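Take a look at the structure set out below.
A quick note: this is a predicted structure, and the numbers were derived from the prediction, not measured. Throughout, a chain's letter reflects where its sequence line sits, starting with A, and its residues are numbered from 1.
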Protein chains: 2
Amino acid sequence: MRNTSQRKAVLLALGDLHGTHPTASEIYGAIKVRNYQIGLATVYRTLDAMVERGDVAAVRTGNAVRYDLTHHHHHHIVCQNCGKVTDVDASEVPSELLTFFEGETGFDLADATIQLNGICADCTTTR
Amino acid sequence: MRNTSQRKAVLLALGDLHGTHPTASEIYGAIKVRNYQIGLATVYRTLDAMVERGDVAAVRTGNAVRYDLTHHHHHHIVCQNCGKVTDVDASEVPSELLTFFEGETGFDLADATIQLNGICADCTTTR
DNA sequence: TTCCATGCAAACGTTTTGCATTTCG
DNA sequence: CGAAATGCAAAACGTTTGCATGGAA
């Protein structure tokens with residue numbers, strides 16, 4: 001993987017937007033705003049490569065995929081009402097949990113990502 | 001909600017395909033194969049209504065949404081390699097699990113669906 | 001008779017791809 | 001120099017929507 005200016009720009013944008021779980025379009029927008037030259041296809045290709053390498057985590061929400069730098073292994077919890085994505089640190093999750101699911105399903109969950117779909121506190125109080 | 005022939009056809013297809021977690025297109029195909037008259041848009045609209053009513057569960061995998069009759073509340077575990085979706089009965093999931101995540105995130109997870117992304121047994125042995 | 005449901009086709013937003021061109025190593 | 005990465009535009013894909021028509025209640 002070459003160290004191109006576009007690759008740097010994507011990493012920079014991911015850093016800027018870290019915690020906001022941006023979509024490919026949002027990352028593209030953040031890069032263009034800085035007057036960096038990049039194409040949307042390159043954003044997708046770069047993100048795919050980063051996900052492949054494990055540098056970036058991808059979560060699929062409603063209609064688009066959201067990306068995030070994987071500083072540490074974490075899980076995602078998605079609000080089914082507003083779409084907000086919240087992180088839960090993997091180290092905080094009891095290990096018996098994964099063991100339970102592994103026994104139940106035969107899956108290898110060593111590096112599994114749990115995605116919980118619920119209703120966030122904001123949406124619970126607003127309704 | 002009216003009891004139309006298309007609605008019956010969708011239910012029939014969901015019964016036939018139960019356990020296979022079909023996409024809207026697959027449901028559409030199963031209906032057309034029987035020479036029933038239906039449009040793809042109707043399949044989507046009908047499935048949406050059923051999900052809204054809680055009769056059908058939707059899981060988003062790679063690129064498409066997969067549907068399943070909700071005979072009982074269950075969770076989904078998706079193989080990141082082959083895309084296979086496996087069910088885990090909700091009643092078998094320790095309740096402390098949801099409680100843990102609720103405390104951690106402030107989400108309301110009363111009826112939450114857990115989606116685990118891992119590598120299934122087949123794919124583990126084949127690699 | 002009244003609306004809700006339907007079919008069709010067009011629109012939509014996201015993601016992928018073909019191909020000529022650039023650029024890193 | 002050669003392989004890999006890029007930009008652009010077009011295409012692909014799943015899904016939604018507008019609107020005229022049909023059918024359940």
Side-chain angles (χ1 to χ4, degrees), chain A residues 1-14 17 20-53 55-68 76 78 80 82-83 85 115 117, chain B residues 1-14 17 20-53 55-68 76 78 80 83 85 115:
Chain A
M1 187 178 240
R2 288 183 182 171
N3 189 28
T4 66
S5 63
Q6 290 84 354
R7 178 176 162 71
K8 288 180 208 154
V10 169
L11 280 172
L12 200 65
L14 279 169
L17 301 173
T20 71
H21 302 274
T23 62
S25 295
E26 286 164 0
I27 292 164
Y28 173 77
I31 292 170
K32 297 299 274 188
V33 145
R34 294 183 177 231
N35 282 336
Y36 290 152
Q37 163 60 24
I38 201 170
L40 185 53
T42 302
V43 173
Y44 275 104
R45 281 188 282 231
T46 305
L47 287 170
D48 279 356
M50 290 174 173
V51 168
E52 187 80 13
R53 289 176 36 134
D55 297 335
V56 166
V59 213
R60 181 169 277 275
T61 64
N63 31 7
V65 175
R66 296 185 170 277
Y67 299 90
D68 207 3
H76 293 109
V78 183
Q80 293 180 300
C82 68
V85 182
Q115 179 172 330
N117 305 294
Chain B
M1 182 177 244
R2 289 183 180 170
N3 189 29
T4 66
S5 63
Q6 288 83 354
R7 179 176 162 72
K8 287 178 207 158
V10 169
L11 282 172
L12 200 64
L14 279 170
L17 302 173
T20 71
H21 303 274
T23 62
S25 295
E26 287 165 358
I27 292 165
Y28 173 76
I31 292 170
K32 296 299 274 190
V33 146
R34 293 186 178 229
N35 282 336
Y36 289 152
Q37 163 61 24
I38 200 169
L40 185 53
T42 301
V43 173
Y44 275 104
R45 280 187 282 231
T46 305
L47 288 170
D48 280 356
M50 289 174 173
V51 169
E52 187 80 14
R53 290 177 35 138
D55 296 335
V56 166
V59 214
R60 181 169 277 276
T61 64
N63 30 7
V65 176
R66 295 184 170 276
Y67 299 89
D68 207 3
H76 292 109
V78 183
Q80 293 180 299
V85 182
Q115 178 171 332

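Where the helix from C:dT1-D:dA25 to C:dG25-D:dC1 starts and where it ends, the local axes point in directions that differ by 40°; five pairs per end, rounded to 10°.
To the nearest 0.5 Å, atoms CD1 (A:Ile27) and CG (A:Leu12) are separated by 12.0 Å. Remark: A:Leu40 CG to A:Arg45 CZ distance equals 10.0 Å, nearest 0.5 Å.
With hydrogens and angles ignored, the 3.5 Å screen pairs no side-chain donor or acceptor of B:Arg7 with any backbone N or O of B:Thr46.
Shortest non-hydrogen contact noted between B:Glu26 and B:Arg66 is OE1-NH1, 3.6 Å. When all heavy atoms of B:Met1 and B:Ala49 are compared, the closest pair comes out as CE-CB, 3.1 Å. The nearest pair of heavy atoms linking B:Lys32 to B:Gln37 is NZ-OE1, 4.0 Å. Across A:Ala64 and A:Thr23, no two heavy atoms sit closer than the pair CB-CG2, 4.0 Å. Here the closest non-hydrogen pair linking A:Gly39 and A:Tyr28 is C-CE1, 3.7 Å.
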Verdict with supporting geometry, B:Val43 and B:Ile38, side-chain contact (heavy atoms from CB on, under 4.5 Å): CA-CA 7 Å; B:Val43 173; B:Ile38 200 169; 3.9 Å; yes
Candidate pair A:Met50 and A:Leu11, rule side-chain contact (heavy atoms from CB on, under 4.5 Å), full reasoning: CA-CA 10 Å; A:Met50 290 174 173; A:Leu11 280 172; 3.6 Å; yes
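Between B:Tyr36 atom OH and C:dG7 atom C1' there is a gap of 19 Å when expressed in whole angstrom units. To the nearest angstrom, P of D:dA9 lies 10 Å from OH of A:Tyr28. Protein atom CE of B:Met50 is 13 Å distant from nucleotide atom C1' of C:dA5, rounded to whole Å. Distance CZ (A:Arg7) to P (D:dG7): 14 Å, rounded to an integer number of Å. When rounded to the nearest whole Å, the span between CG of B:Leu47 and C1' of D:dT15 equals 12 Å.
For A:Gln37, a side-chain nitrogen or oxygen approaches OP1 or OP2 of D:dG7 to under 4.0 Å. Considering only side-chain N and O atoms, B:Gln6 lies under 4.0 angstrom from the phosphate OP1 or OP2 of C:dG7.
For the pair B:Val10/B:Leu47, a side-chain contact is recorded, criterion being any heavy-atom separation below 4.5 Å from C-beta on.
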Atom pairs, protein N/O to nucleotides 14-21 of chain C N/O, distance under 3.5 Å:
residue, atom, partner, partner atom, Å
C:dT15, OP1, A:Val65, N, 2.8
C:dT15, OP2, A:Tyr44, OH, 2.5
C:dT15, O5', A:Tyr44, OH, 3.3

Report, one pair per line, the protein and nucleotides 22-25 of chain D atoms (nitrogen or oxygen only) whose separation is under 3.5 Å.
residue, atom, partner, partner atom, Å
D:dG23, N2, B:Arg2, NH1, 2.7

